[in-house]
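Numbers for residues simply follow the sequence, beginning at 1. The shown structure was predicted, so the numbers you read here are calculated from the model rather than taken from an experiment.
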Amino acid sequence: MKSKLSIIKAEIDNYASDSNLTELQIVDKLKDYYFNKKVNENLKLYKKGKKKVSEVTKDLKISPRKFYAILEKKNISYTKYNKNKEESPS
């Protein structure tokens, strides 16, 4: 495991020296790439109804508010629970 990690570190260092990016910028771009990849996988399951919002947010480690913002950004329809539902007194 350690040798594989050292190979990855060496590749990042080589890429940083070839490009005008720092190592941290490269890691941030990789983090964004893999996060978006995981989001897209979960969105496919959410659209099919195989995963609920709570499962997706737990898997991605984000808040439901952020997940709904992602849905709005990608123009995916959803129903949101309304806590302030006014009920008529009987």
Kindly list each side-chain donor-acceptor pair under 3.5 angstrom involving residues 19-37, sequence neighbours excluded, with atom names and distances?
residue, atom, partner, partner atom, Å
S19, OG, Y15, O, 2.9
S19, OG, L21, N, 3.4
T22, OG1, Q25, N, 3.3
Q25, OE1, T22, N, 2.9
N36, ND2, D32, O, 3.2

Please set out all donor-acceptor pairs under 3.5 angstrom arising from side-chain atoms of residues 44-56, sequence neighbours excluded.
residue, atom, partner, partner atom, Å
K51, NZ, N42, OD1, 2.7
K51, NZ, D59, OD2, 3.2
E55, OE1, K52, N, 3.0

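In this structure, CD1 in I7 is found 12.5 Å from CD1 in I12, a value given to the nearest 0.5 Å.
When the ring-ring contact (aromatic ring centres under 6.0 Å, His included) test is applied to Y78, the partners found at least two apart in sequence or on another chain are Y68. The side chain to side chain contact (heavy atoms under 4.5 Å, CB included) test applied to K66 returns I62, S63, not counting sequence neighbours.
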